[in-house]
Number of protein chains: 2
Amino acid sequence: MEQELKRYESGVQAMLELVGGKWRILILHQLITGKKRTSELRRAIPGITQKVLTQQLRDLEKNEIIHRIIHPQIPPKVEYELTEYGLTLQAIIDRICLWGENHLDRVYGDKNKVLENHFSEYIPLSTPN
Amino acid sequence: MEQELKRYESGVQAMLELVGGKWRILILHQLITGKKRTSELRRAIPGITQKVLTQQLRDLEKNEIIHRIIHPQIPPKVEYELTEYGLTLQAIIDRICLWGENHLDRVYGDKNKVLENHFSEYIPLSTPN
DNA sequence: CAGTATCCTTTCCGATACTG
DNA sequence: CAGTATCGGAAAGGATACTG
């Protein structure tokens with residue numbers, strides 16, 4: 001447990017440390033729609049292995065972005081949900097998702113989109129005053 | 001040059017492929033404020049090496065997010081700037097930066113901030129209605 | 001100044017087997 | 001079902017020396 005006090009040059013770096021990597025944004029994106037069981041996450045995120053999923057979930061938990069809810073029963077049931085703090089990431093994640101979908105469109109030009117309706121009402125991309 | 005056509009499950013993944021990793025967002029964050037020379041980027045991003053910087057810039061260029069401007073002169077002068085497409089990332093990057101600064105505040109609680117004045121007019125982190 | 005070439009370390013991630 | 005343990009490979013990144 002040698003929690004080295006790291007100094008960051010910028011907030012961006014601090015944020016990347018929390019939610020960077022190949023999977024964490026994907027996981028959070030799933031949790032935005034609500035509490036999910038481990039197995040649900042696994043199914044929702046094709047390609048991720050049990051080990052990596054658990055690993056990432058632990059990290060997110062450690063940073064108070066998600067909450068782990070253990071239902072003491074056999075067979076085990078564990079759920080994860082965004083903390084209040086984690087919820088502050090929602091706007092960013094939504095935008096990332098939106099941008100990504102548009103990008104797929106741009107690159108593949110076809111109807112690769114999985115856009116939901118509530119994304120169509122475009123929020124202007126510049127910072128609101 | 002085997003540009004394998006990759007299939008993405010979601011836009012999020014596609015986006016992470018473009019701007020994920022330890023440095024790319026940092027680089028883009030620098031370019032938001034305008035065209036920059038290689039050496040300026042290097043100074044602005046402590047810790048990055050020449051090799052990695054070039055590498056990341058090439059990737060960003062390949063994906064049409066930044067533009068490389070070569071001034072044919074001795075000594076060489078090269079500048080990078082966001083393309084029009086790259087500019088569509090601005091809102092996301094700004095928010096990431098903002099969130100990150102807030103996070104540093106939350107974690108260190110002190111005046112760790114490197115906040116510029118134009119950041120002090122805090123935008124609420126939840127999606128604006 | 002900008003970039004390339006090597007080599008090397010570290011980090012991340014996948015496969016698989018196993019436990020309560 | 002959720003999670004752990006171990007092994008091994010691939011990829012990202014860092015140190016350093018060198019070039020036009």
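All heavy atoms count here, side chains included; hydrogens, waters and symmetry mates do not. Each chain gets a letter, A, B and so on, in the order its sequence line appears, and its residues count up from 1.
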_For C:dG3 and B:R37 - does any side-chain N or O of the residue sit under 4.0 Å from the phosphate oxygens OP1/OP2?_
no
_Atom-pair distance (CD1 on A:I70; C1' on D:dG3), nearest Å_ = 11 Å
*Could you tell me whether the phosphate oxygens of D:dT4, OP1 or OP2, come under 4.0 Å of any side-chain nitrogen or oxygen in A:R58?*
yes
*What one-letter contact string describes nucleotides 11-20 of chain C from 5' to 3', where B marks a base within less than 4.0 Å of any protein heavy atom, S marks contact via sugar-phosphate atoms alone, and - marks no contact?*
--BBB----B
*Give the minimum heavy-atom separation between B:L41 and B:Y80, together with the two atoms involved.*
CD1-CD1, 4.2 Å
*Whole-Å distance separating the NE2 atom of B:H71 from the P atom of C:dA2*: 10 Å
*Do you know the tightest heavy-atom contact between B:V19 and B:L28?*
CG1-CD1, 3.8 Å
*Any side-chain heavy atom of A:L26 sitting closer than 4.5 Å to one from A:Q56?*
no
*Which heavy-atom pair separates A:L60 from A:L18 by the least distance, and what is that distance?*
CD2-O, 4.0 Å
*CG of B:L53 versus P of D:dA12: gap in Å, rounded?*
17 Å
*asked:* Tell me whether the count of non-hydrogen atoms from other residues, nucleotides or ligands lying under 6.0 Å of CD in A:E84 goes above 12.
replied: no
*What is the minimum heavy-atom distance between B:A44 and B:Q30, and which atoms define it?*
CB-OE1, 3.3 Å
*the helix from C:dC1-D:dG20 to C:dG20-D:dC1: angle between its terminal axes, five pairs each, to 10°?*
40°
_d(CD, A:Q73; P, D:dG3) in whole Å_ = 13 Å
*Donor-acceptor pair, B:R24 side chain versus B:E17 backbone, under 3.5 Å?*
yes
*Kindly say if B:T54 contacts the phosphate of C:dA2, meaning a side-chain N or O under 4.0 Å from OP1 or OP2.*
no
*Compare side-chain N and O positions of B:R42 against OP1 and OP2 of C:dC1 and report whether any pair is under 4.0 Å apart.*
no
*Atom of A:L16, atom of B:G21 and distance for their closest heavy-atom approach*: CD1-O, 4.1 Å
*Provide the closest heavy-atom pair for B:L104 versus A:A14 in the form atom of the first, atom of the second, distance.*
CD2-CB, 3.6 Å
_Between P of C:dC1 and CZ of B:R43, the distance in whole Å_ = 8 Å
